[in-house]
Amino acid sequence: MIRAFFTKIGQFFLWLAGHDEQRDVDEGNEDVAAPEPAQQPTHWQMMIGARNVITGRVVMEIGEGLNQRPPNGRDHANDDVLLAPLANATAIAISQEEYQLAISMFYECYQLTRDYENKHGLEIHKGAMTFNVAIAFLRSHDFPAAMHYFELAKHETEQSYGHANWDVFTFDLFDRSYWNLIDLFEQEQPLDLYQDFWNTAYGTTSAKADWNALSENSKLLYIVLGAERIRYTRLKTQPNWNGADSIGLSYWNLIADLVRLLETEVREMGIVGGGLNDMVLNRI
């Protein structure tokens, strides 16, 4: 279906170019040579052309909507309608694993909204667009960017709805995009060490319970570490190759972050000592 769509887009561009050349000939412009037989565009050309058409259409609709928007402050219901073309296109792009397309559309439309805000000295509701691009970053394994836009979506929702301390990481859409995927991944790569330590299987329920028990200083890091662990486990290697130093470095950094999380929680409990080893082994 996607390939057929790209083909139609490419054929349309070729028809349009040929139509313009024929019109020049029909009008008696002798300097214009007769058109050469049209060449079938490559699949790469059709794909890139289709991406540009989609992005251009979304940006145009958002720009027109902003031009017609009254210069008022946040109006989350109408602002969601105004930005719906981006939301719809982003959902389709993510469903097709076109994460960079979703991200590039966001950047262009976000700049349009910020230009509008600066022009009128106000803010509009950008919660949906920031949450959706956070999902795209999460799927493309850019975890710092994902967490940044999740936090921005949290801020947007708190400002627009007046919900103080609204938690984006307990939002049902975040459940479907992150927490619920832990059970699926555990079917591929179970975390046996967790079972050995706590006598219960690691999964969505236990992960959320652990997260809820953490202090606020550690919750964001816990989510990032969970995403990183899944990502690193899915990196592929091959037999008889001793060159996976990059994966080893990734796990080394992961372990260091886990140790930092552990130390933060130990100190939150009011436990101090001569070092993490002493605090964990002798003072808990």
Side-chain angles (χ1 to χ4, degrees), residues 1-2 4-17 19-20 41 44-140 142 144-162 168 171 173 177:
M1 181 180 298
I2 296 298
F5 172 69
F6 289 154
T7 301
K8 292 294 185 182
I9 291 293
Q11 291 172 344
F12 171 75
F13 288 151
L14 288 174
W15 172 85
L16 187 62
H19 178 76
D20 288 342
W44 286 109
Q45 290 171 330
M46 289 187 289
M47 181 181 70
I48 294 171
R51 284 168 170 262
N52 291 338
V53 169
I54 294 169
T55 300
R57 181 68 183 180
V58 170
V59 171
M60 181 184 70
E61 292 188 17
I62 298 299
E64 291 176 350
L66 289 169
N67 288 336
Q68 298 172 11
R69 186 186 188 278
N72 302 324
R74 293 177 178 270
D75 181 355
H76 59 80
N78 288 323
D79 288 340
D80 281 342
V81 173
L82 188 156
L83 297 172
L86 174 62
N88 296 333
T90 300
I92 294 172
I94 291 175
S95 71
Q96 297 298 316
E97 299 184 359
E98 292 282 353
Y99 307 127
Q100 290 305 316
L101 176 59
I103 291 168
S104 65
M105 288 190 297
F106 165 81
Y107 279 143
E108 293 206 42
C109 293
Y110 188 77
Q111 187 59 54
L112 288 178
T113 61
R114 291 295 298 121
D115 290 343
Y116 174 88
E117 291 175 332
N118 290 333
K119 177 181 178 181
H120 297 288
L122 51 79
E123 290 185 341
I124 70 173
H125 177 61
K126 303 179 292 297
M129 69 189 306
T130 49
F131 184 89
N132 291 341
V133 79
I135 296 296
F137 277 117
L138 183 65
R139 292 284 181 270
S140 60
D142 188 342
M147 295 305 111
H148 169 75
Y149 284 109
F150 278 131
E151 288 191 299
L152 184 51
K154 167 183 169 65
H155 169 78
E156 286 288 326
T157 302
E158 290 175 342
Q159 294 297 310
S160 297
Y161 288 81
V168 66
F171 186 37
L173 289 178
S177 302

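Values below: all heavy atoms of this structure, side chains included; hydrogens, waters and symmetry mates excluded.
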Q) If you round to the nearest 0.5 Å, how far is CG of Asp79 from CE of Met129? A) 10.5 Å
**Q.** His125 and Tyr161, any side-chain heavy atoms less than 4.5 Å apart
**A.** yes
(Q) I need the Gln159 CD to Ile124 CD1 distance, nearest 0.5 Å. (A) 14.0 Å
(Q) Taking the basic N atoms (NZ, or NE/NH1/NH2) and the acidic carboxylate oxygens, is any pair closer than 4.0 Å for Lys126 and Glu117? (A) yes
Q: Tell me, please, which residues at least two apart from Asn78 pass side chain to side chain donor-acceptor pair (under 3.5 Å).
A: Asp75
Q: Taking all non-hydrogen atoms of both residues into account, name the closest pair between Ile94 and Tyr99 and its distance.
A: O-CE2, 3.7 Å
Q.
Taking Gly127's backbone N and O only, do any of them form a donor-acceptor pair with Thr130's side chain (distance below 3.5 Å, no angle check)?
A. yes
Q. Do Asp115 and Gln111 come within less than 4.5 Å of each other through their side chains, counting heavy atoms only?
A. yes
(Q) In the structure I gave you, are the side-chain heavy atoms of Met105 and Leu101 within less than 4.5 Å of one another anywhere? (A) yes
Q: Take Tyr149 and Phe106, measure what ring-ring contact (aromatic ring centres under 6.0 Å, His included) needs, and give me the verdict at the end.
A: CA-CA 11 Å; Tyr149 284 109; Phe106 165 81; 5.1 Å; yes
**Q.** Taking every non-hydrogen atom, the tightest pair across Cys109 and Val58
**A.** SG-CG1, 3.9 Å
Q: Determine the minimum heavy-atom distance between Leu138 and Ser177, stating which atoms define it.
A: CD2-O, 3.8 Å
Q) Heavy atoms, side chains only, cut-off 4.5 Å: are Glu64 and Met60 in contact? A) yes
(Q) Could you go through Val59 and Leu112, starting from their C-alpha distance and side-chain angles, then the distance that decides it, and tell me whether this counts as side-chain contact (heavy atoms from CB on, under 4.5 Å)? (A) CA-CA 8 Å; Val59 171; Leu112 288 178; 3.7 Å; yes
(Q) Ignoring hydrogens and geometry beyond distance, is a side-chain donor-acceptor pair present between Ser160 and His76 at under 3.5 Å? (A) no
**Q.** Asn72 side chain reached by Leu122 side chain, heavy atoms, under 4.5 Å
**A.** no
Q) Atom CD1 of Ile103 and atom OG of Ser140: how far apart are they, to the nearest 0.5 Å? A) 4.0 Å
Q | Atom pair CG/CD of Leu66 and Glu61 - distance to nearest 0.5 Å | A | 12.0 Å
Q) Donor-acceptor pair, Arg139 side chain versus Asp142 backbone, under 3.5 Å? A) no
Q: Dump the intermediate steps for side-chain contact (heavy atoms from CB on, under 4.5 Å) on Thr55 and Glu108, then the final yes or no.
A: CA-CA 9 Å; Thr55 300; Glu108 293 206 42; 3.7 Å; yes
Q.
To the nearest 0.5 Å, what is the distance between CZ on Arg69 and CG on Leu82?
A. 7.0 Å
Q) Got a second to check how far Ile62's CD1 is from Asn67's CG, nearest 0.5 Å? A) 11.5 Å
Q. Does the ring center of Phe150 lie less than 6.0 Å from the ring center of Phe137?
A. no
